[in-house]
Amino acid sequence: MRSVYLDYAATTPVDERVVQQMTKYLGVNGEFGNPASRSHYYGWMAEEAVEEARNQVAELIGADSREIVWTSGATESNNLAIKGVAENYAPDDCHIITSALEHKAVLDPVLYLKDKGYAVTILQPDANGVISKDAVEQALTEKTRLVSLMAVNNETGVINPINDIGQLCQQRGIAFHVDAAQAVGKIPLDMQQLGISLLSISAHKCYGPKGVGALYVRRRSDVVVLPQIHGGGHERGMRSGTLATHQLVGLGTAAQVLQEQQQTEVARIAKLRDNLWQGIEKLGNVSVNGMNAPRSAGHLNICFHGLDGEALMMGLRNVAISSGSACMSATVEPSYVLKAMGLSDQDAHSSLRFSVGRFTTQEDIEAVITSVSDAVMSLRSASKG
Ligand SMILES: *Cc1c(COP(=O)(O)O)cnc(C)c1O
């Protein structure tokens with residue numbers, strides 16, 4: 001059954017403008033060539049498309065197109081950034097700082113390196129779910145080579161002060177990697193200003209296709225990223241493999257659309273998100289996780305105190321949302337992100353993530369408020385017996 005989709009933080013539909021562009025690069029009458037073919041028209045046209053996409057992505061984040069390395073998504077970008085920097089050092093000469101709130105695509109590569117003998121510090125956030133510059137500063141050692149933190153948390157939408165932390169890392173000559181999968185198109189990202197050395201991007205979180213992403217690698221810095229996929233030397237040796245023209249055109253077009261409408265879109269989404277909260281707040285005994293922190297416009301992670309989130313979700317058949325992060329949906333473990341923010345197991349189990357996006361309407365919001373109200377009332381009256 002098609003329901004109201006409020007799970008934009010898990011993935012987004014591909015924008016129709018993006019679909020239109022992508023289809024031009026597939027069929028026999030399209031520009032299907034291999035961008036690495038240097039000897040004929042087919043290759044040249046594909047290469048031109050890939051380079052235009054590179055410009056579009058670079059422009060969105062204030063980077064130079066030579067700083068964009070194509071990948072298969074933010075998971076690969078994170079792996080490339082973290083392992084690619086760490087492998088420049090012997091394990092006993094490299095300390096890595098990250099946080100307990102990171103996506104598994106950051107935590108797992110860091111824990112893999114820890115297993116290999118690298119020193120690792122996993123920072124805990126403050127009660128609002130923010131990693132402060134002070135927390136990073138206090139964890140620094142003379143062997144700290146890499147700090148990896150997300151810009152926007154996927155579960156709560158809480159925004160980290162990456163600008164300040166970037167400056168700190170720059171002053172100390174430490175590589176700073178930012179997982180921006182949830183931040184692109186939602187908060188301003190300007191590589192001219194920030195002390196960010198590496199930044200991960202995913203297309204499917206911002207109305208592009210799944211299976212494609214990018215890693216921004218700052219040119220004028222000492223950061224060397226060693227390849228994790230070898231063969232052919234594409235992407236200046238950092239990431240081999242035939243470039244997926246249609247996918248990259250998709251990411252490029254998605255970036256261009258964001259460039260054009262990000263400001264108005266963010267304002268519209270924030271308003272819808274606030275309307276949703278105002279409707280749900282009336283139920284009482286509910287709170288927003290990360291309430292006192294700056295948050296991204298689309299996210300609304302609500303704790304329905306005393307209710308079981310899974311049971312509530314079952315009662316919300318006409319609303320597509322997540323409990324915890326999408327990647328954890330297969331398990332009934334309480335969200336490690338919410339727990340790290342200080343929530344009890346019970347409150348974490350009582351929390352649901354609503355995420356609003358480009359195609360959400362005010363009618364959708366009203367329908368969801370009604371459904372949530374009905375489901376909450378019926379659970380509450382059931383628990384009274
Ligand atoms: C979705 C997401 C990822 C993974 O991105 P993929 O492109 O799906 O590999 C990584 N980090 C964050 C914060 C995400 O939200």
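Read the numbers this way: they start at 1 and go in the same order the structure lists the ligands and their atoms. Excluded from the calculations below are hydrogen atoms, water molecules and symmetry mates; all remaining heavy atoms, backbone and side chain alike, are included.
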Decide yes or no on side-chain contact (heavy atoms from CB on, under 4.5 Å) for I174 and R145, but give the supporting numbers first. CA-CA 5 Å; I174 296 166; R145 310 293 182 196; 5.8 Å; no

Can the positive tip of R358 be found less than 6.0 Å from the middle of the six-membered ring of Y8, inside 45° of the ring normal? no

Quick check on ligand 1: any N or O pairs to the protein under 3.5 Å? One line per pair.
from: ligand 1; atom 1: 7 (O); to: A74; atom 2: N; distance (Å): 2.9
from: ligand 1; atom 1: 7 (O); to: S202; atom 2: OG; distance (Å): 2.7
from: ligand 1; atom 1: 8 (O); to: H204; atom 2: NE2; distance (Å): 2.7
from: ligand 1; atom 1: 9 (O); to: T75; atom 2: N; distance (Å): 2.9
from: ligand 1; atom 1: 9 (O); to: T75; atom 2: OG1; distance (Å): 2.6
from: ligand 1; atom 1: 11 (N); to: D179; atom 2: OD1; distance (Å): 3.4
from: ligand 1; atom 1: 11 (N); to: D179; atom 2: OD2; distance (Å): 2.7
from: ligand 1; atom 1: 15 (O); to: Q182; atom 2: NE2; distance (Å): 2.7
from: ligand 1; atom 1: 15 (O); to: K205; atom 2: NZ; distance (Å): 2.7

Taking the six-membered ring for Trp, is the centroid-to-centroid distance between F359 and Y5 below 6.0 Å? no

So do I321 and R353 actually touch side chain to side chain, heavy atoms under 4.5 Å? no

Is the shortest side-chain N to carboxylate O distance from R239 to E76 below 4.0 Å? yes

Can you pull the side-chain hydrogen bond (donor to acceptor under 3.5 Å, both in side chains) pairs that have at least one residue in residues 116-134, sequence neighbours excluded? H95-T121

